2 protein chains.
Amino acid sequence: MKVPAKTVFYHIERTIKTYRKFSRQNFLKVVDDITVDQKLVLQYLNDRPELSQNEIAELVFKDNASLTRMIDLLVRKGFLDRSINPKDRRRFHIELTPKGKEILEKLAPVIAENRKRAFAGISEEELVQLEQTLNKIVSNLNKA
Amino acid sequence: MKVPAKTVFYHIERTIKTYRKFSRQNFLKVVDDITVDQKLVLQYLNDRPELSQNEIAELVFKDNASLTRMIDLLVRKGFLDRSINPKDRRRFHIELTPKGKEILEKLAPVIAENRKRAFAGISEEELVQLEQTLNKIVSNLNKA
DNA sequence: CAAATATAATTGATATATCAAATAAATAAA
DNA sequence: TTTATTTATTTGATATATCAATTATATTTG
């Protein structure tokens, strides 16, 4: 029997790209001027304001440099406020503006609906299995 | 029981990013000056030279605009030749240079090894299951 | 404490992502 | 066959990805 191994990453890539496009379109029905990744960064900053930019970057699988620029933009757009952190002047204190919090509220039901749509007809066991297989792959790759 | 649904895309994203980084590093041991995506485009152009840029773009989940720029760069780097296609002057005839073919040959064993590493200890059934679940998600999302 | 080292974030350069608009050539319709 | 429409690709603008180098502040060492 043939192993479909050569195309597994193709399927993973396709899934993530399809979901991004789907999310983006649904976001646009409710708000404009925000991307899926920007929303994710806002969400982390909202839920865990103690995180440094580097820590957030790691959580969203981005480079520090990218995070710096995303945060710049989110500040320019009025979603975030950035001020000096007196405890450690290398870091910043970053928090959501009311506009930032508002957009998260507007998007919350959209995200929930997106996930519901994505996983319709897929059992919990199947999702757990998916996650476990992905974790195996990641841990294989991290075994230097 | 808790559904881990809220983090499934996190895991998918993490897997693809981890694999990209892993591949990039292994590519660099053998060749330089080529990225994972550039290699993928070269591979398609090599295997199916009749494909248009738009068709390739779709296969690699990229925008036409991105493909144009990637191909420009691959031509500049000497991996591709681009000439006018007399059958349809809107399209181009694109083919690999000897240098382009050579780099694919050098990378072939690296790709094979990457996949072997990624899927070590994962059964065929499990990979088939992974693919099926991902396909369900994609088809859910495409159901307008 | 002063010097060396480490950490957090930024900047620069180049490539890619995304969307909209523009070209150019091919095909269909009047 | 002229006009309208479609198709293939490119270009422009802005944002993000990646890597290397830099800046500023903290921490560790001698």
Side-chain angles (χ1 to χ4, degrees), chain A residues 13-14 16-25 27-28 32-42 45 49-77 79-80 82-94, chain B residues 13-14 16-25 27-28 32-42 45 49-77 79-80 82-94:
Chain A
E13 184 94 35
R14 183 172 64 151
I16 201 76
K17 296 260 183 169
T18 305
Y19 183 66
R20 281 176 175 282
K21 185 169 292 183
F22 179 78
S23 291
R24 196 163 50 235
Q25 287 167 351
F27 276 24
L28 286 176
D32 53 38
D33 213 28
I34 193 164
T35 68
V36 175
D37 286 324
Q38 287 168 0
K39 186 269 168 193
L40 189 58
V41 169
L42 280 186
L45 284 167
E50 78 284 3
L51 292 177
S52 70
Q53 293 188 198
N54 290 350
E55 289 164 335
I56 302 235
E58 202 178 333
L59 284 167
V60 299
F61 310 114
K62 290 180 190 300
D63 193 271
N64 293 342
S66 295
L67 243 287
T68 291
R69 284 158 185 141
M70 286 182 75
I71 287 176
D72 281 348
L73 182 60
L74 289 168
V75 169
R76 264 189 282 147
K77 284 186 176 175
F79 295 126
L80 290 178
R82 177 160 44 179
S83 53
I84 286 177
N85 181 339
K87 307 269 184 190
D88 184 341
R89 294 164 53 79
R90 288 170 306 182
R91 302 168 68 143
F92 290 96
H93 179 63
I94 302 176
Chain B
E13 185 93 34
R14 183 172 64 150
I16 201 76
K17 296 261 183 169
T18 305
Y19 183 66
R20 278 175 176 282
K21 185 170 292 185
F22 179 79
S23 291
R24 196 164 48 237
Q25 288 167 351
F27 276 25
L28 286 176
D32 54 39
D33 212 28
I34 193 165
T35 68
V36 176
D37 286 324
Q38 285 168 1
K39 187 269 169 191
L40 189 58
V41 169
L42 279 187
L45 284 167
E50 77 285 3
L51 292 177
S52 71
Q53 293 187 199
N54 290 349
E55 288 163 335
I56 302 237
E58 203 179 332
L59 284 167
V60 298
F61 309 114
K62 290 179 190 300
D63 193 271
N64 292 342
S66 295
L67 242 287
T68 291
R69 284 158 185 141
M70 287 182 74
I71 287 176
D72 280 348
L73 182 59
L74 290 168
V75 169
R76 264 190 282 147
K77 284 186 175 175
F79 295 127
L80 290 179
R82 176 160 46 180
S83 53
I84 286 177
N85 180 341
K87 306 269 184 190
D88 183 341
R89 294 165 53 81
R90 291 170 306 183
R91 304 168 66 143
F92 290 96
H93 179 63
I94 303 176

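Proteins get letters first, then strands, A, B, ... in listed order; numbering begins at 1 in each. Just so it is clear, the structure is predicted and the values come from calculations on it, not from any experiment. Hydrogens, waters and symmetry mates play no part in the numbers below; they use all other heavy atoms, side chains included.
For B/Leu73, the listed nucleotide lying nearest its side chain is C/dT16; candidates were D/dT9, C/dT11, C/dT16. The A/Arg76 side chain lies nearest to D/dA15 when the options are C/dA25, C/dT18, D/dA15. For A/Arg90, counting side-chain heavy atoms from C-beta on, the closest listed nucleotide (C/dA26, D/dA26, C/dT10) is D/dA26. Taking only side-chain atoms of B/Lys62, from C-beta outward, the nucleotide of C/dT16, D/dT9, D/dA15 with the closest atom is C/dT16. Side chain of B/Ser66, nearest nucleotide from C/dA25, C/dT18, D/dA17: C/dT18.
Checking the phosphate oxygens (OP1, OP2) of D/dT18, a side-chain nitrogen or oxygen of B/Arg24 falls inside 4.0 Å. Distances shown here put a side-chain N or O of A/Gln38 below 4.0 Å from the OP1 or OP2 atom of D/dT16. Remark: A/Arg82 is in phosphate contact with C/dT10, judged by side-chain N or O atoms under 4.0 Å from OP1 or OP2. B/Asn64 has no side-chain polar atom (N or O) that falls below the 4.0 Å cut-off from OP1 or OP2 of D/dT10.
Pair assignment for C/dA30: D/dT1, on the basis of Watson-Crick or G-U wobble contacts that are both within less than 3.5 Å.
A/Arg69 contributes a side-chain N or O that forms a donor-acceptor pair with the base of D/dT18 under 3.5 Å.
Contact annotation for A/Ser52: backbone-only contact, meaning every heavy-atom pair under 4.0 Å involves sugar-phosphate atoms and none involves a base. Using a 4.0 Å heavy-atom distance criterion, B/Glu55 is classed as making no nucleic acid contact.
Side chain of B/Lys77 to main chain of B/Asp33: a donor-acceptor pair is present (N/O by atom type, distance under 3.5 Å, no hydrogens or angles). Side-chain N or O atoms of A/Gln38 include one that pairs as donor or acceptor with a backbone N or O of A/Thr35 at under 3.5 Å. At distances below 3.5 Å, not a single donor-acceptor pair connects side-chain atoms of B/Ser66 with backbone N or O atoms of B/Lys62. The main-chain N or O of A/Glu55 is never found under 3.5 Å from a side-chain atom of A/Glu58 such that the two would form a donor-acceptor pair.
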